[in-house]
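Numbering of ligands and ligand atoms starts at 1, following listing order. The first residue in the sequence is number 1, and the count goes up from there.
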Amino acid sequence: MKDKVLVLDFGSQVTQLIARRVRESGVYTEIFPYYEPIDKIKEFEPSAIILSGGPASTTVAESPRAHDGIFSMGIPILGICYGEQLLCSMLGGKVESSPKREFGRAYVDIAENSPLFEGVWEKGERKEVWMSHGDHVTALPEGFKVIAATDSAPFAAIADEERRFYGLQFHPEVTHTPEGAKLLTNFVHNIAGISGDWGMATFRKEEINKIRQQVGDKKVICGVSGGVDSSVVAKLLHEAIGDQLLCVFVDTGLLRMDEGKQVREAFERNYHIPLVYSDASEIFLSALSGISDPEQKRKIIGKTFIDVFESEANKVGKFDFLAQGTLYPDVIESVSFSGAETSTIKSHHNVGGLPERMDMKLVEPVRELFKDEVRALGREMGMSSELLDRHPFPGPGLAIRIPGEITPERVKILQEADYIYLDEIKKAGLYDEIWQAFAVLLPVKTVGVMGDSRTYEYVCALRAVTSLDGMTADFYQFSHEFLGRASNRIINEVRGINRVVYDITSKPPGTIEWE
Ligand code: XMP
């Protein structure tokens with residue numbers, strides 16, 4: 001693959017956004033830690049490099065630096081925030097700590113027209129940007145000029161047009177800089193001259209070839225869960241290797257209502273992908289009987305899953321490869337400094353340990369993609385939005401939504417309540433605004449009255465959160481009218497629940513799941 005952009009990560013919280021924005025402009029981008037050796041960088045053959053922001057200060061001797069070999073590769077370089085300061089200090093300019101930190105919205109005055117601003121910003125205009133820095137540049141290296149400035153940051157945007165080196169004190173990758181994405185597009189299209197035709201259509205073609213090369217005529221097994229990642233992986237693999245692929249769906253009995261049926265239908269009828277459906281609900285429920293501790297539930301479910309999966313595979317024969325829906329955020333080597341951990345997305349691999357145990361190699365065809373891109377790939381392959389835009393669902397399923405002991409009766413009650421809740425959310429057109437919504441069944445009975453009689457039944461808690469990546473979350477602000485409607489339906493239609501409450505805890509301090 002030619003025409004790639006490399007982002008060197010100096011530990012900013014938003015480094016991944018840089019890569020996402022550049023990819024959105026149709027250019028393949030990878031993130032390497034700043035300390036990547038220069039020969040690895042050259043081997044990658046980037047057509048341009050972007051230096052990310054970061055929490056460190058170039059005024060400190062030990063601060064993280066890029067290898068200075070990047071400046072003689074003859075390719076454009078863009079430094080963002082810490083990246084700009086680094087560019088300046090490594091090329092002979094000056095950076096100073098300022099007593100005043102600048103954080104938040106700011107307005108830059110465009111001092112010069114530049115290829116970086118082409119079609120977006122013009123000399124004399126004032127534009128909104130997002131600043132977040134303590135240090136600032138106080139003297140430019142030779143060859144550089146100021147192309148935009150603010151009152152407190154006279155070097156807000158700088159350029160050496162001849163060498164094609166640029167620096168921005170503000171963050172173009174965040175949406176708080178309204179036209180920032182266009183600046184990044186200008187950098188990769190106009191300045192680096194990359195055409196921008198990378199996208200899911202190209203990825204699909206190239207990845208199919210890669211899978212064929214990796215797998216040859218060997219057999220691949222893929223566990224599917226009904227979730228986006230494993231479904232897209234299965235579809236892509238099926239396009240690549242057809243019947244050399246076998247998908248296994250383990251029904252733990254802890255899924256949402258009718259989920260097993262829906263997944264079977266989607267795979268067998270719509271996509272014609274061979275699927276082994278294993279109804280293991282009894283095995284899981286009996287393994288969980290009497291267990292209340294959340295971590296023990298997870299362990300039991302993880303282990304039982306592996307046992308069932310392995311025994312299903314063994315019935316069919318020997319497999320050389322296990323397919324997994326590992327995503328790019330799980331793969332990026334994260335750069336962290338004291339007190340400034342970059343986000344590492346929590347991953348819960350329910351099949352951990354399987355490849356070694358069954359002596360299989362891994363096929364991970366979407367390990368270079370972000371979640372949004374996996375969805376786009378699914379759309380590219382004609383998969384339904386119902387499957388692609390689903391809320392995430394945890395591997396242990398309803399087991400961690402029934403605090404305390406899990407019984408078949410409790411699972412059934414929860415499935416019914418959850419179904420009604422999601423049905424109301426969909427009818428109200430709110431499903432896509434919410435990251436995750438689900439019902440929780442509390443192992444607590446309270447008194448109620450229905451008709452003329454007293455009831456003594458379970459409490460159901462409703463949860464809905466908005467989030468970008470599941471790491472932090474806010475509770476969703478439903479209207480009281482909506483909550484009343486959902487509550488009414490649940491109490492009227494579900495035998496076993498006579499009280500509904502809404503969870504208004506954000507994460508932190510809560511977690512999204514109740515266990
Ligand atoms: P928490 O509850 O930690 O959830 O705020 C964050 C995200 O992770 C999901 N989650 C899990 N997913 N196995 C999974 O596959 C698990 O054990 C597990 N626990 C939480 C949760 O649904 C949310 O999306």
| said: Arg298 versus ligand 1: do any nitrogen or oxygen atoms come within less than 3.5 Å of each other? | reply: yes
| Between Phe393 and ligand 1, is there a nitrogen or oxygen pair with a distance under 3.5 Å? | no
| task | Applying side-chain contact (heavy atoms from CB on, under 4.5 Å), name anything that partners Asn314, two or more places apart in sequence or on another chain. | result | Glu310
| request: Supply the atom-to-atom distance Thr177 OG1 to Phe170 CZ, rounded to the nearest 0.5 angstrom. | output: 6.5 Å
| said: Considering both backbone and side-chain atoms of Gly470, is one of its nitrogen or oxygen atoms within less than 3.5 Å of a nitrogen or oxygen in ligand 1? | reply: no
| task | Check each atom of ligand 1 against the heavy atoms of Thr511 and keep those under 4.0 Å away; list them by number with element. | result | 1 (P), 2 (O), 5 (O)
| note | Of Glu513, Lys299, Gln436, Lys297, the residue with the heavy atom nearest atom 24 (O) of ligand 1 is Gln436
| request: Can you establish whether the number of heavy atoms outside Lys412 located under 6.0 Å from its atom NZ is more than 12? | output: no
| said: Closer than 4.0 angstrom, basic N to acidic O: yes or no for Arg357 and Asp307? | reply: yes
| note | Sorted by chain and residue number, the side chain to side chain donor-acceptor pair (under 3.5 Å) partners of Lys427 (sequence neighbours excluded) come out as Asp423
| query | What are the atoms of ligand 1, with element, lying closer than 4.0 Å to any heavy atom of Lys507? | reply | 1 (P), 3 (O), 5 (O), 6 (C)
